[in-house]
Structures are given as C-alpha cells and as structure tokens.
Student: 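Shown below is the structure under consideration.
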2 protein chains.
Amino acid sequence: MTHFGKSIRTRREHLHLEDKRFSLRQVAMRIGIEPAYLSKIERGEVSPPSEATTVRLAHELGEDPDVLLALAGKVSGDLQNIIRKRPKLFAELIRQLKEAPDHALLHVVREVRDGEW
Amino acid sequence: MTHFGKSIRTRREHLHLEDKRFSLRQVAMRIGIEPAYLSKIERGEVSPPSEATTVRLAHELGEDPDVLLALAGKVSGDLQNIIRKRPKLFAELIRQLKEAPDHALLHVVREVRDGEW
DNA sequence: TGTCATGTGTATTAACTAGTACACACTTTG
DNA sequence: CAAAGTGTGTACTAGTTAATACACATGACA
C-alpha cells in the first residue's frame with residue numbers, strides 16, 4: 001500500500017550487502033521485535049509498526065525518524081505535543097505554509113534559527 | 001483527567017441558559033451520538049471522542065476545532081497530512097518554534113501571510 | 001396528574017493496534 | 001554432512017478505541 005515496507009527493505013538490503021549484521025533477523029532482534037513481524041512489515045503484509053518501533057528502526061538503518069514516521073503515516077508525538085500547547089498559532093502557521101514552496105519554508109526556518117524576532 | 005469534558009460541559013451549560021436546544025440530549029442527537037455517551041464524555045468517564053466527533057462538537061458549541069482537539073490530546077488530521085508531505089522541513093520548523101514566544105509565532109504567521117519570500 | 005424531556009448507570013461490542021509464538025523450508029558455512 | 005542462520009506462513013492475543021442499547025430516576029409543564 002504505502003511504500004513504507006518497500007523503503008525499509010531496500011534500505012536494509014543495501015546495508016546488508018556490506019555488513020551481514022543487517023539480516024532481517026538480526027535487525028529485528030536489535031530493535032526488539034520478532035523476525036516474522038519485521039518480515040511482514042517489510043512486505044507490507046501488516047501496517048507499519050508503532051511510533052517507538054519505527055523510530056528504533058530508523059536509528060538502526062540510519063534514516064531520519066521524521067521521514068520514516070511520515071512514510072508510516074504518522075507524525076512524531078513530540079511535534080504533536082508542541083502543536084497541542086498552542087493549537088491556534090501552530091494550526092494557522094502550518095495551514096499557511098501548506099502551499100509555500102520549499103525554499104520559503106527554509107527561509108522561515110533560517111530566520112527563526114537566527115532569532116529574527 | 002484532562003479537562004476536555006469539564007470544558008465542553010461548562011460551555012454547553014452556558015449556552016443552555018439562553019437556549020433550551022443545548023440540553024445534553026439535543027446536542028448529542030444533533031452531532032449524532034448517544035446521549036449516554038456524551039454524558040460520559042462530559043464527566044470524563046470515557047476518553048475524548050474521535051476527531052470527527054470532536055470537530056462536530058466544536059462546531060455545535062462554537063468552539064475552535066483545533067483548540068478542542070488539543071484538549072482532546074489530538075492534532076487535526078489535515079495538519080498531520082501537511083507535515084507528512086515535507087516531514088524534515090516541518091519537523092525542524094516546529095521544533096525550532098517550540099520555545100519561541102507567542103509574539104514571535106504571530107510575527108512569522110504574519111510574515112508568511114504577507115508573502116514575504 | 002400524566003407525559004415528556006433530562007441526565008446517567010450498566011452492559012455490551014466490532015474493529016483495530018501492535019504485536020508474539022512456533023513451525024517450516026531453504027541456504028550458507030565450518 | 002551437520003549445524004547454524006535465513007526469511008516466511010499460520011495461528012493467536014491482550015489491550016485500546018469509539019462507540020451503542022436500554023433501563024432508570026428525576027424534574028418540568030400543561
């Protein structure tokens with residue numbers, strides 16, 4: 001369905017070429033899930049795992065957790081908490097940025113980082 | 001627990017003073033849930049309802065849906081979809097704005113609205 | 001006084017989430 | 001060859017979500 005599974009399988013197999021520690025079984029064990037479960041996740045037989053498991057998987061595979069969570073159809077809980085504390089401001093800001101081009105977002109990020117307020 | 005229930009009960013009772021159409025039963029019926037369920041929600045006996053139900057309730061009571069969703073511990077699905085399309089940019093932006101004061105957020109909102117990019 | 005509306009207690013539920021457990025067949029590898 | 005490691009099929013499950021259905025006692029009201 002989503003290509004969450006395909007994406008991590010590809011990534012893992014790529015890593016596996018250079019390092020046999022990236023077999024499905026060993027990765028599953030390191031992130032604390034059953035191999036059969038990871039197999040099903042990679043083949044899209046089940047929906048993507050929980051946020052916690054997805055984040056552990058991201059770290060294991062050297063992927064950006066927010067990106068992997070997005071592929072899993074989720075948004076990181078800590079981002080949600082930030083939004084929930086000031087829902088009106090963040091809702092307005094995010095909806096306003098919906099159509100903004102990437103470079104505009106980057107501009108805003110940079111501006112905020114440089115403390116221009 | 002959270003004061004989601006208390007908040008909507010207060011709001012509904014306030015409206016009820018001026019308009020008898022805001023009885024628990026009638027509100028429940030208009031938003032399409034069982035009266036007993038709304039009763040439990042208002043008293044916090046059950047966790048807040050689904051996003052869809054919460055939004056209908058917000059409209060019914062003239063509340064901001066994003067604010068009510070925040071009280072319910074949720075973030076609107078449409079905001080999540082916006083974030084999920086560009087997870088890195090939005091994640092960085094939101095985390096950067098976590099500690100920013102309200103007026104700084106407002107400043108950014110205004111700047112973006114006025115198309116300064 | 002009857003009847004209609006109101007809020008609430010109790011019991012129950014279908015669907016979903018996030019997995020585990022084990023057996024099996026195939027493939028390296030020592 | 002045997003032992004170990006590999007990926008996968010089948011079966012099962014505890015806990016959560018988001019509610020419904022019905023009965024009941026109380027209060028307003030015509």
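Below, chain A is the first sequence line, B the second, and so on; all start at residue 1.
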Student: List the protein contact pattern of nucleotides 13-27 of chain C with one symbol per nucleotide (5' to 3'): B for base contact, S for sugar-phosphate-only contact, - for none; contact means a heavy-atom distance under 4.0 Å.
Tutor: -----SBBBB-----
Student: Of the non-hydrogen atoms in A:R12 and A:L24, which two are nearest, and what is the gap between them?
Tutor: NH1-N, 3.1 Å
Student: With a 4.0 Å cut-off, would you call A:D66 and B:R84 a salt bridge?
Tutor: no
Student: Sequence neighbours left out, what passes salt bridge (Lys or Arg N to Asp or Glu O under 4.0 Å) with B:R9? Give chain and number order.
Tutor: B:E42
Student: Check whether any side-chain nitrogen or oxygen of B:S23 sits under 4.0 Å from OP1 or OP2 of C:dT6, and answer yes or no.
Tutor: yes
Student: Pairing donors with acceptors under 3.5 angstrom, does anything connect the side chains of A:R43 and A:S39?
Tutor: yes
Student: What integer distance in Å separates B:L24:CG from C:dT8:C1'?
Tutor: 9 Å
Student: Looking only at side-chain N and O atoms, does B:Q26 come under 4.0 Å of OP1 or OP2 in C:dT6?
Tutor: yes
Student: For A:T54 and A:S50, indicate whether the former's side chain and the latter's backbone hold a donor-acceptor pair under 3.5 Å.
Tutor: yes
Student: For B:L93 and A:L97, run side chain to side chain contact (heavy atoms under 4.5 Å, CB included): C-alpha distance rounded to whole Å, both residues' side-chain angles, the deciding distance at 0.1 Å, then the answer.
Tutor: CA-CA 11 Å; B:L93 177 61; A:L97 290 171; 3.4 Å; yes
Student: Of all the heavy-atom pairs spanning A:K98 and B:R86, show the shortest one and how long it is.
Tutor: O-NH2, 3.1 Å
Student: Taking only N and O in the side chain of B:R21, is any of them less than 4.0 Å away from OP1 or OP2 of C:dA5?
Tutor: no
Student: Of all nucleotides in DNA chain D that come within under 4.0 Å of a heavy atom of chain A, which is furthest toward the 5' end and which toward the 3' end?
Tutor: D:dT6 to D:dA11
Student: So, is the end of the B:R30 side chain (NZ or CZ) under 6.0 Å from the ring centre of B:F22 and within 45° of the ring's axis?
Tutor: yes
